[in-house]
Amino acid sequence: MRPLGPGVAEAAQRAGPIGPRFAGGDSNIVSRFATLRTLREQGLVTAEEYNARRQANIGALLPLTSPPPSAGLERPVPATDQIVGRLRAIGRALEMRALTVAQHASERAMILDALLPAAPVVVANPGVPPREMMAAADAVRRMEYLRDGGLVSGEEYARERKSVEIAMTPPAPEPLPVVEEKPAAAPAQPVAKGPGGVMGGAAVHLASYRSRQQADRGWQQIQRAHNEILSKLQADVTEVNLGAGKGTYFRLRAGPLASKAAVDEVCRQLKQRRQYCEPAAGG
């Protein structure tokens, strides 16, 4: 397999739908990271700038193991040589005093933020694990090209591939809607809790699963996708027998939260990011 060199964007554009898997919006994403790498190699951004902008958007390349990137990275982007040329031009203008330091800094920041913002204002939706075998194979093959092209490290590749494998063995289920127990049904019995639990406080209901293993895996995926919202909460998995032929489910809740207002706010934020969330009493 030929590694992706400085012409990674052009190679991506030439790739067919069964080729190196870089076409359309994905090609534009790859082009942005390849351009940023070129800017670092040519001394047009510092190592610190490169690391900050890459880290803030790496979820575009590693959707299952990294926070969501800036929204809109799939949109078309100027070619690498155009961006390099413009940065060099404003650098020369600064040296000739045709631009002030403030003007140079402002235009430079605008160019780099349009490429890969260091502090995204609007983020994309979290990545969703593949649910079919062919989609999983495509995801792994895409990661192989990114690794061989030097856009992700071997360690990053291994983590992302492991997440794909976990999602496929067995396939992660769709979160089930809340089903109210009938009065005659057996009361819910907590069978396991995360450290600290959510007992004794208000909580949010995030999903329902058919097994404890799937619930544990679901919490890891949901917490990773929404870490800034859920980082201070703990998981609580409760086994519920719904009776009447409906069977047993494992409800995933997170808490504790101090009040109903806090519950409503967490659900509001999660629903904006397309994550199921409803109030659930703690205990």
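Only this structure's heavy atoms are used, side chains among them; waters, hydrogens and symmetry mates stay out.
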Given Gln55 and Ile58, is the side chain to side chain contact (heavy atoms under 4.5 Å, CB included) satisfied, shown in steps? CA-CA 5 Å; Gln55 189 61 33; Ile58 193 62; 4.3 Å; yes

Can you name the salt bridge (Lys or Arg N to Asp or Glu O under 4.0 Å) partners of Glu228, sequence neighbours left out?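 For Glu228, the residues satisfying salt bridge (Lys or Arg N to Asp or Glu O under 4.0 Å) (neighbours in sequence not counted) are Arg273.
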
Residues in salt bridge (Lys or Arg N to Asp or Glu O under 4.0 Å) with Asp264, at least two apart?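 Applying salt bridge (Lys or Arg N to Asp or Glu O under 4.0 Å) to Asp264 gives Lys260.
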
Do [X] and [Y] belong together in a cluster built from hydrophobic side chains that touch within less than 4.5 Å?
X	Y	answer
Val84	Leu94	no
Leu44	Tyr50	yes
Ile111	Val45	yes

Sub-3.5 Å donor-acceptor pair from the side chain of [X] to the main-chain atoms of [Y], do we have one?
X	Y	result
Ser31	Ser27	no
Arg142	Leu61	yes
Ser106	Ala102	no
Arg224	Leu64	yes
Arg32	Leu115	yes

Step by step, work out the side chain to side chain contact (heavy atoms under 4.5 Å, CB included) result for Ile222 and Leu270. CA-CA 10 Å; Ile222 293 172; Leu270 290 177; 5.8 Å; no

Rounded to the nearest 0.5 Å, how far does [atom2] of [Y] lie from [atom1] of [X]?
X	Y	atom1	atom2	value
Gln82	Leu87	CD	CG	12.0 Å
Cys267	Gln272	SG	CD	11.5 Å
His104	Glu95	NE2	CD	8.5 Å
Thr248	Glu239	OG1	CD	5.0 Å
Gln103	Glu107	CD	CD	9.0 Å
Leu36	Glu49	CG	CD	9.0 Å

Give me the atom names and distance for the closest heavy-atom approach of [X] to [Y].
X	Y	value
Ala254	Trp219	CB-CZ3, 3.8 Å
Gly218	Leu252	C-CD2, 4.2 Å
Gln275	Leu206	NE2-O, 3.4 Å
Pro68	Pro126	CG-CA, 3.9 Å
Arg251	Val240	CD-CG2, 3.8 Å
Ala139	Val164	CB-CG2, 4.3 Å

Qualifying side chain to side chain donor-acceptor pair (under 3.5 Å) pairs with a residue from residues 60-71, counting only residues at least two apart or across chains: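 Side chain to side chain donor-acceptor pair (under 3.5 Å) check on residues 60-71 returns Thr65-Glu160.
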
Are Arg159 and Lys162 packed together at the side-chain level, in the sense that at least one heavy-atom pair is separated by less than 4.5 angstrom?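 A side-chain contact is absent here, since even the closest heavy-atom pair is not under 4.5 Å.
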
Can you confirm whether Asn57 sits close enough to Phe33 that some side-chain heavy atom of one is under 4.5 Å from a side-chain heavy atom of the other?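 Asn57 reaches Phe33 side chain to side chain.
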
Can we say Asp113 and Arg53 salt-bridge, meaning some charged N sits less than 4.0 Å from an Asp/Glu carboxylate O?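 Arg53 and Asp113: salt-bridged.
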
Pair Arg268, Glu265 - check salt bridge (charged side-chain N to carboxylate O under 4.0 Å, His left out), show working. CA-CA 5 Å; Arg268 183 190 68 79; Glu265 176 60 19; 2.6 Å; yes

Run the numbers on Arg210 and Tyr249 for side chain to side chain contact (heavy atoms under 4.5 Å, CB included), then give the verdict. CA-CA 5 Å; Arg210 279 295 193 177; Tyr249 291 90; 2.9 Å; yes

Before you tell me yes or no, could you show the steps for Leu112 and Ile83 under side chain to side chain contact (heavy atoms under 4.5 Å, CB included), namely the whole-Å CA-CA distance, both residues' side-chain angles and the distance that decides it to 0.1 Å? CA-CA 9 Å; Leu112 295 179; Ile83 296 175; 5.7 Å; no

Step-by-step salt bridge (charged side-chain N to carboxylate O under 4.0 Å, His left out) determination, Arg147 to Glu156: CA-CA 8 Å; Arg147 177 199 61 193; Glu156 290 170 333; over 6 Å; no

Lys271, NZ atom: more than 12 neighbouring heavy atoms under 6.0 Å: yes

